[in-house]
Amino acid sequence: MDDTRHIAVIGIGSGDPDQLTLGAVKAIRSTDVFFVLEKGEEKSSLTRLRRAMLAEHVPGPHRVVEAEDPWRDRAQGARGGYTEAVHDWRRRRADVCERLIREELAPGQRGAFLVWGDPSLYDSTLAILEEITARGNVAFTYDVVPGVSSVSTLAARHRVGLNRVGRPIHITPGRRLAETVGNDDGDIVVMLDAHESFRQFAGGGTWIYWGAYLGTPDEILISGPLDEVADDISRTRAAARAEHGWIMDTYLLRPCSDDTVG
């Protein structure tokens with residue numbers, strides 16, 4: 001009998017249960033224990049979405065083990081401070097995940113982390129598993145099932161391509177968007193923007209395709225010339241955050257050119 005612990009990192013899309021790939025469903029159905037890191041009452045709806053997916057796709061017995069996601073210092077603004085804050089959070093998150101794997105997953109069982117979107121795009125799970133492996137305190141193997149990212153969902157909902165003919169795509173967190181101002185060689189996808197950084201592109205003839213809570217019943221979409229819709233996005237964003245207690249949005253900035261479509 002194989003007594004190796006195995007972990008699957010499963011991309012589950014941005015919230016829509018229909019975004020689960022056949023590969024994700026297959027991996028989910030072969031899992032014994034699902035690990036969920038709770039992000040507080042404000043984001044409890046995300047846990048409910050995960051449980052709804054499991055209820056629909058797991059016919060047999062399984063366990064869901066929840067743990068509190070460690071607090072993260074989000075006050076650090078400078079790049080060095082921000083980077084250290086993220087590394088500190090990841091170390092403490094690795095402590096939690098290592099304990100879950102060691103104490104809740106028996107040798108020979110299969111565990112899984114259900115990751116929003118795609119595990120390769122702005123998610124820490126793979127880096128955390130690498131750190132746990134390097135520590136050598138608990139032995140396990142792991143593989144990755146790709147998922148539909150919020151970026152793909154954004155483009156699909158707005159019915160646009162992410163790139164134009166022969167042009168590159170730049171993907172950046174909002175805190176680094178200022179570094180791309182003045183760049184008209186391609187389109188810019190912005191994630192993790194807590195400060196409406198798109199306003200830095202005002203007056204430049206840029207189009208924006210914006211979406212929040214993508215793939216969920218609360219999904220919101222706005223698009224148009226940035227100068228015309230920026231205030232609408234700000235008002236909508238503030239109202240949604242007040243209603244739900246949190247917001248996760250993604251947007252595409254498209255500098256105007258002859259081949260830009262509105």
Side-chain angles (χ1 to χ4, degrees), residues 1-17 19-39 43 46-47 49-72 83 86-153 171 173 191-192 215 248:
M1 177 180 176
D2 184 4
D3 61 356
T4 303
R5 293 178 174 92
H6 184 76
I7 301 292
V9 182
I10 306 173
I12 59 173
S14 56
D16 185 346
Q19 289 183 351
L20 284 177
T21 66
L22 293 176
V25 171
K26 182 178 179 180
I28 286 173
R29 288 180 174 174
S30 66
T31 296
D32 302 301
V33 183
F34 296 91
F35 301 116
V36 175
L37 296 185
E38 290 276 14
K39 294 181 178 291
K43 295 188 177 181
L46 300 179
T47 300
L49 281 171
R50 282 187 173 100
R51 286 188 174 276
M53 290 180 182
L54 296 181
E56 180 175 352
H57 294 290
V58 185
H62 63 280
R63 288 194 301 127
V64 177
V65 178
E66 299 180 2
E68 184 177 353
D69 198 7
W71 174 82
R72 175 179 154 191
T83 301
V86 171
H87 285 320
D88 174 68
W89 170 68
R90 285 186 175 182
R91 283 191 291 269
R92 289 182 287 112
R93 216 179 195 213
D95 292 341
V96 173
C97 292
E98 180 180 326
R99 176 181 60 78
L100 292 176
I101 295 171
R102 183 179 62 251
E103 297 180 0
E104 302 290 347
L105 190 66
Q109 285 191 318
R110 299 177 66 86
F113 291 92
L114 304 182
V115 174
W116 295 113
D118 183 273
S120 70
L121 188 60
Y122 288 105
D123 183 80
S124 65
T125 306
L126 295 181
I128 286 169
L129 291 181
E130 289 175 2
E131 177 170 339
I132 296 172
T133 299
R135 293 176 179 180
N137 297 326
V138 57
F140 60 93
T141 60
Y142 66 94
D143 57 19
V144 181
V145 180
V148 178
S149 71
S150 62
V151 176
S152 298
T153 303
I171 302 178
M191 306 177 69
L192 308 176
M248 184 69 74

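- Using a cutoff of 4.0 Å between basic side-chain nitrogens and carboxylate oxygens, Asp95 and Arg91 are not scored as salt-bridged.
- For Asp16 (side chain) and Gly215 (main-chain N/O), no donor-acceptor pair under 3.5 Å exists by modelled atom type.
- In this structure, Glu66 pairs ionically with Arg51, as a charged nitrogen and a carboxylate oxygen lie closer than 4.0 Å.
- For the 3.5 Å distance criterion, the side chains of Thr4 and Thr141 fail to qualify, holding no donor opposite an acceptor.
- Counting only heavy atoms from C-beta outward, the side chains of Val96 and Pro70 approach each other to under 4.5 Å.
- For residues 20-30, the set of pairs meeting the salt bridge (Lys or Arg N to Asp or Glu O under 4.0 Å) definition, not counting sequence neighbours, is empty.
- Judged purely by distance below 3.5 Å, without hydrogens or angles, the side chains of Ser149 and Ser152 pair a donor atom with an acceptor atom.
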Apply side-chain contact (heavy atoms from CB on, under 4.5 Å) to residues Val151 and Tyr122 and explain how you reach the verdict. CA-CA 11 Å; Val151 176; Tyr122 288 105; over 6 Å; no
Could you walk me through whether Leu114 and Val36 pass the side-chain contact (heavy atoms from CB on, under 4.5 Å) test, one step at a time? CA-CA 7 Å; Leu114 304 182; Val36 175; 5.8 Å; no
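- Under the rule for a side-chain contact (heavy atoms from CB on, under 4.5 Å), the partners of Glu98 that lie at least two apart in sequence or sit in another chain are Arg102, Ile132, Arg135, Asn137, Val138.
- Ala27 and Val145 make their closest contact through CB-CG2, 4.0 Å (heavy atoms, listed as atom of the first residue, atom of the second, distance).
- Note on residues 52-64: pairs passing side-chain hydrogen bond (donor to acceptor under 3.5 Å, both in side chains), not counting sequence neighbours, are Arg63-Glu104.
- Scanning both residues, Pro146 and Pro119, for their nearest heavy atoms gives CA-CD, 4.3 Å.
- For the atom pair SG (Cys97) and CD (Glu131), the distance works out to 10.0 Å, reported to the nearest 0.5 Å.
- Heavy-atom minimum distance, Ile10 versus Ala112: CD1-CB, 3.9 Å.
- Side-chain atoms of Glu38 never come within 3.5 Å of backbone atoms of Asp69 as a donor-acceptor pair (strictly under, hydrogens ignored).
- Shown here for Met53 and Pro17, the closest heavy-atom pair between the two residues is CE-CA, 4.1 Å.
- You'll find the side chain of Arg93 reaches within 4.5 Å of the side chain of Leu37, heavy atoms only.
- In this view, Arg110 and His6, Ser30, Asp32 satisfy the side-chain contact (heavy atoms from CB on, under 4.5 Å) rule, not counting sequence neighbours.
- With rounding to the nearest 0.5 angstrom, the CD1 atom of Ile12 is 6.5 Å from the CG atom of Leu20.
- Applying the salt bridge (charged side-chain N to carboxylate O under 4.0 Å, His left out) test to Glu68 and every residue at least two apart in sequence or in another chain returns nothing.
- Note that OG1 of Thr133 and OH of Tyr142 are 5.0 Å apart. Values are rounded to the nearest 0.5 Å.
- Taking OG1 of Thr31 as the reference point, atom CG of Leu54 lies at 9.0 Å (rounded to 0.5 Å).
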Are Leu105 and Ile7 close enough, and set up right, to give a side-chain contact (heavy atoms from CB on, under 4.5 Å), and what steps lead you there? CA-CA 9 Å; Leu105 190 66; Ile7 301 292; 3.7 Å; yes
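- When all heavy atoms of Gly111 and Phe35 are compared, the closest pair comes out as CA-CE1, 4.2 Å.
- Residues meeting the side-chain contact (heavy atoms from CB on, under 4.5 Å) test with Thr125, sequence neighbours left out: Val9, Phe113, Val115, Asp123, Leu129.
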**Message:** The test is side-chain contact (heavy atoms from CB on, under 4.5 Å); show your working for Ser150 and Trp116 and say whether it passes.
**Reply:** CA-CA 8 Å; Ser150 62; Trp116 295 113; over 6 Å; no
